[in-house]
There are 2 protein chains.
Amino acid sequence: MSSKLDGVALANGLERVVSLLRRLAPGEGVSLAKAATLRTLDTHGPCRVSELAALDGVTQPAMTQLVSRLEHDGYAERRSCEGDARVVMVHLTAAGADLLRRRRAARAGLLAQLTERLSADDRTALEAALPALDRVAAYHTDSGSTST
Amino acid sequence: MSSKLDGVALANGLERVVSLLRRLAPGEGVSLAKAATLRTLDTHGPCRVSELAALDGVTQPAMTQLVSRLEHDGYAERRSCEGDARVVMVHLTAAGADLLRRRRAARAGLLAQLTERLSADDRTALEAALPALDRVAAYHTDSGSTST
DNA sequence: TATTGTTATACTCTATAACTATA
DNA sequence: TATAGTTATAGAGTATAACAATA
């Protein structure tokens, strides 16, 4: 009788795993908000502040401040836009790209560590669910490709 | 060649879905931090502040403040502990339990909405991955049962 | 002295409203 | 007047360090 996908179980399973990841992954020195913006910059290339804000789902003022912090950290930089002096283009720096690489490696290692204790069936099930997970995420996001 | 579970893809898929959920679920009036604590109280029953802090992965001072906010909201309350006057027991109120119920219903509905557009195969894959997801989450968490 | 919890302080992250500069 | 971005201000959430009360 329970061949229906249980939304509650899925939501809770997702949150628990993600919260576990966050607790175990030291964060590589940046917060989630910063990492998300760096990821967006990496995926989309240079963006305006307003564009970044929309893609990350925060307000323009919030993104202004986030970009300032990223700039202060050396992970992003502001450049002016030829043709429209109002626009600020935000670019990922080499240090920012490096950081992303390290974060990805760390998280992949952590996940590998966590999943290697699973049964082969469980691992197979997780792997098989990945495309579906991506499609769920992409449905309303439309923020870009699936390969962050 | 790719029968190995890709940690990067899994981590990103998880984060994207969860971040989508957070953006789409209005939150039912409480933040993630508050909801997580209420969930822990619901799962474990009355807890000390230090216990809550450990279970939620935050510091004791952070939990003290969170409990104060929850108490102010009417979702939790402090009670003294017979036998040890240093200990504060935090209890979920009826309003807190109600809130949890509403949140779960809202999220389940949202997830159902998101997943009903998936193919039957995708839904099946997600459902099949749930137990594995739970086991990953439970591995280091040990926070209790799987039925939040 | 050790444990439990709180207070003090500071920083990140977010929002809304008001502002500046350019178009 | 509309658009892009910033600044001002406020609040949630977090951490570390210092503190009070109890054991």
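This structure is a prediction, so every number in the text was calculated from the model and none was measured. Residue numbers start from 1 in every chain, and the chains themselves are labelled A, B, ... in the order their sequence lines are given, proteins ahead of strands.
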Tell me the interatomic distance from [X], atom [atom1], to [N], atom [atom2], rounded to whole angstroms.
X: A:Leu70; N: D:dT6; atom1: CG; atom2: P; value: 13 Å
X: A:Glu71; N: D:dG5; atom1: CD; atom2: C1'; value: 13 Å
X: B:Met63; N: D:dA12; atom1: CE; atom2: C1'; value: 14 Å
X: B:Glu51; N: C:dT3; atom1: CD; atom2: P; value: 16 Å
X: A:Leu32; N: D:dT14; atom1: CG; atom2: C1'; value: 12 Å
X: A:Met89; N: D:dT6; atom1: CE; atom2: P; value: 13 Å

Between [Y] and [X], is the closest basic N to carboxylate O distance under 4.0 Å?
X: A:Arg79; Y: A:Glu77; value: yes
X: A:Asp42; Y: A:Arg104; value: yes
X: B:Arg39; Y: B:Asp56; value: no

Note to self: What does the B/S/- profile of nucleotides 14-23 of chain C look like, 5' to 3', with a 4.0 Å heavy-atom cutoff to protein?
What the structure shows: BBBB----BS
Check: NA contact type, A:Thr64, heavy-atom cut-off 4.0 Å: base, sugar-phosphate, or nothing?
Finding: base
Item checked: Verdict with reasoning, A:Arg78 to A:Ser68, per side-chain hydrogen bond (donor to acceptor under 3.5 Å, both in side chains) -> CA-CA 9 Å; A:Arg78 286 178 165 93; A:Ser68 295; 3.2 Å; yes
Notebook entry, point to check: Is there a donor-acceptor contact under 3.5 Å from the side chain of B:Thr115 to the main chain of B:Arg123?
Noted result: no
Notebook entry, point to check: Are the side chain of B:Asp84 and the backbone of B:Arg86 linked by a donor-acceptor contact shorter than 3.5 Å?
Noted result: yes
Note to self: Is B:Arg78 close enough to C:dT6 that one of its side-chain N or O atoms is under 4.0 Å from OP1 or OP2 there?
What the structure shows: yes
Margin query: With a cut-off of less than 4.0 Å, is there a side-chain N or O of B:Ser50 near OP1 or OP2 of C:dT4?
Written below: no
